[in-house]
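No experiment lies behind these values; they were computed from the predicted model shown. Atoms within each ligand, like the ligands themselves, are counted from 1 in listed order. Just the heavy atoms: all of them, side chains too, but no hydrogens, waters or symmetry mates, feed the values below.
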Amino acid sequence: MRIRGNDKITAYLDKSEALLDLHPQPADLTNTHRYDDLRLEIGCGRGAFLSQMAEANPNVYFFGVEKFVPIIARAAALAANKELSNAHFYKMDITNALTIFPEHAFSIIYLNFSDPWPKRRHEKHRLTHARFLAIYKKLLRPEGWVELKTDNEMLFDWSLHSLHHAGWEVLEQDRKLSGEAPIGRENEGRYKKTEYEARFRGLGQPIFFLQAKPPVN
Ligand SMILES: C[S@@+](CC[C@H](N)C(=O)[O-])C[C@H]1O[C@@H](n2cnc3c(N)ncnc32)[C@H](O)[C@@H]1O
């Protein structure tokens, strides 16, 4: 596919064609049955986290969703360069997730450094708003959960409130997530650094982390 005036993006798209859906149709998950579980990263950006996770966890299949073509083209090209066979990318807004993914497909949903939308009138765009939590609840398997990492304390506190209000159980929270994984836990998402995380850690900023699961009913 050619995007006029941007040869770099065209090259990323050409490289990653097999791993990327630009006009997603309902996902066909038949070739994922041999994997232990499926996980989803929402707002995967340029894909450093997803590629690291897919490399480190070859028995898990990872889906990345991202709104913008030039960004997701890089994410998919990175996975293609690494010859990953357990990663796939969808250019879409997560608002439409239930038209693409079946219910109860995912064991973990990752929200990494989501846009904070600081103005109050924009709260509904925050990816932990009740309208998104309702979608995640449907996408998650009964034993599944969401993991969130952010540098933004306001978004973190607001997300805790939104989760409690929607009846989710916060299983863990950490207001200064260590950058070093304990031995044996290196492959967990909380210890794999995203592009934004690398930047914020470089500035010495604390990273906030939480894990939460939806109510049963
Ligand atoms: C601040 S960036 C973080 C990127 C990456 N997760 C990281 O930590 O480096 C947030 C990303 O989420 C994407 N995004 C925001 N809202 C989204 C939505 N509703 N659906 C899909 N992607 C979204 C944005 O386009 C952006 O690339």
Side-chain angles (χ1 to χ4, degrees), residues 3 6 8-9 12-13 16 19-25 27 39-56 62-79 87-101 105-106 108-119 121-140 146-156 158-159 162 174 177 179 188-203 205-211:
I3 292 186
N6 201 330
K8 228 174 177 182
I9 294 166
Y12 291 135
L13 288 170
S16 65
L19 299 188
L20 174 60
D21 276 311
L22 292 177
H23 307 286
Q25 301 292 315
R39 302 185 196 171
L40 173 67
E41 187 189 7
I42 299 171
C44 65
R46 294 180 177 186
F49 174 85
L50 197 141
S51 273
Q52 289 176 75
M53 287 296 283
E55 254 183 324
F62 291 87
F63 291 90
V65 164
E66 167 57 53
K67 274 196 301 195
F68 296 115
V69 172
I71 301 178
I72 201 160
R74 284 173 184 258
L78 177 63
H88 200 88
F89 298 84
Y90 290 88
K91 185 260 159 202
M92 58 180 262
D93 191 308
I94 198 61
T95 314
N96 304 319
L98 292 168
T99 64
I100 303 301
F101 300 113
F106 301 106
I108 306 180
I109 292 175
Y110 297 103
L111 295 172
N112 291 322
F113 298 83
S114 305
D115 300 314
W117 292 98
K119 291 189 179 149
R121 68 175 186 277
H122 292 147
E123 277 179 5
K124 68 173 189 300
H125 297 297
R126 296 178 192 157
L127 291 181
T128 44
H129 187 278
R131 72 188 179 111
F132 290 115
L133 297 181
I135 294 173
Y136 309 157
K137 183 178 173 208
K138 287 192 173 156
L139 291 175
L140 282 169
V146 162
E147 287 189 8
L148 173 150
K149 281 197 276 187
T150 182
D151 62 302
N152 189 297
E153 190 167 17
M154 178 283 294
L155 179 67
F156 188 74
W158 189 89
S159 299
S162 179
D174 189 342
L177 180 67
E188 292 181 24
R190 73 183 81 185
Y191 299 116
K192 296 290 184 207
K193 295 183 187 56
T194 78
E195 282 97 354
Y196 273 65
E197 181 171 357
R199 197 186 304 165
F200 292 126
R201 283 196 184 279
L203 296 170
Q205 291 184 218
I207 303 301
F208 298 77
F209 169 83
L210 69 79
Q211 191 184 63

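Backbone and side-chain nitrogen or oxygen atoms of F132 are examined, and none is located within less than 3.5 angstrom of a nitrogen or oxygen of ligand 1. For ligand 1, one of its N or O atoms has an N or O atom of D93 under 3.5 Å away. For ligand 1, the polar-atom distance check finds no N/O of T95 at less than 3.5 Å from any of the ligand's N/O atoms. No N or O atom of C44 sits closer than 3.5 Å to an N or O atom of ligand 1. Looking at S114 next to ligand 1, no N or O pair under 3.5 Å apart turns up.
Between the side chains of N112 and E41, at least one donor N or O lies within less than 3.5 Å of an accepting N or O. Between the side chains of H125 and D115, not a single donor N or O lies within less than 3.5 Å of an accepting N or O.
Applying the 4.0 Å criterion to heavy atoms of F68 picks out, from ligand 1, the atoms 25 (O). Near L127, meaning under 4.0 Å from one of its heavy atoms, ligand 1 places the atoms 19 (N). Near N112, meaning under 4.0 Å from any of its heavy atoms, are these atoms of ligand 1: 3 (C), 5 (C), 6 (N), 8 (O). Set against the non-hydrogen atoms of F113, the atoms of ligand 1 under 4.0 Å away are 1 (C), 2 (S), 3 (C), 8 (O), 10 (C). Taking every heavy atom of T194 and a limit of under 4.0 angstrom, the matching atoms of ligand 1 come to 7 (C), 8 (O), 9 (O). Interface atoms of ligand 1 facing M92, defined by a heavy-atom separation under 4.0 Å, are 20 (N), 21 (C). Within the listing of ligand 1, atoms 9 (O) sit less than 4.0 angstrom from a heavy atom of E195. Annotation for ligand 1: atoms under 4.0 Å from non-hydrogen atoms of E41 are 6 (N).
Put simply, the side chain of E55 does not reach to within 4.5 Å of the side chain of K192, judged on heavy atoms. Taking the side chain as every heavy atom from C-beta outward, D21 and M92 never approach each other to under 4.5 Å. Counting heavy atoms from C-beta on, the side chains of D151 and L203 never come closer than 4.5 Å. When side chains are defined from C-beta on, L148 counts as touching F156, because their heavy atoms get closer than 4.5 Å.
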Tell me which donor-acceptor pairs under 3.5 Å the side chains of residues 65-78 have, and how far apart each pair is, sequence neighbours excluded?
unit_1: E66; atom_1: OE1; unit_2: G45; atom_2: N; d: 3.1
unit_1: E66; atom_1: OE2; unit_2: F68; atom_2: N; d: 3.2

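Here F132 pairs with nothing under the ring pair (Phe, Tyr, Trp, His ring centres under 6.0 Å) rule; sequence neighbours left out.
Ranking the protein heavy atoms by distance from atom 5 (C) of ligand 1 puts G43 O, 3.6 Å first. Ranking the protein heavy atoms by distance from atom 20 (N) of ligand 1 puts I94 N, 3.0 Å first. Regarding atom 10 (C) of ligand 1, its nearest protein heavy-atom neighbour is D115 OD1, 3.6 Å. Of the protein's heavy atoms, Y196 N, 2.9 Å lies nearest to atom 9 (O) of ligand 1.
Checked options K149, R39, R190, E147; the residue passing with Y110 is R39 (criterion: side-chain hydrogen bond (donor to acceptor under 3.5 Å, both in side chains)).
Ranked by closest heavy atom to atom 17 (C) of ligand 1, the top entry among E66, R126, K67 is K67.
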Note to self: Apply side chain to side chain contact (heavy atoms under 4.5 Å, CB included) to residues L22 and L13 and explain how you reach the verdict.
What the structure shows: CA-CA 10 Å; L22 292 177; L13 288 170; 4.1 Å; yes
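Between F113 and F200, the ring-plane angle classifies as parallel under the 30° and 60° cut-offs.
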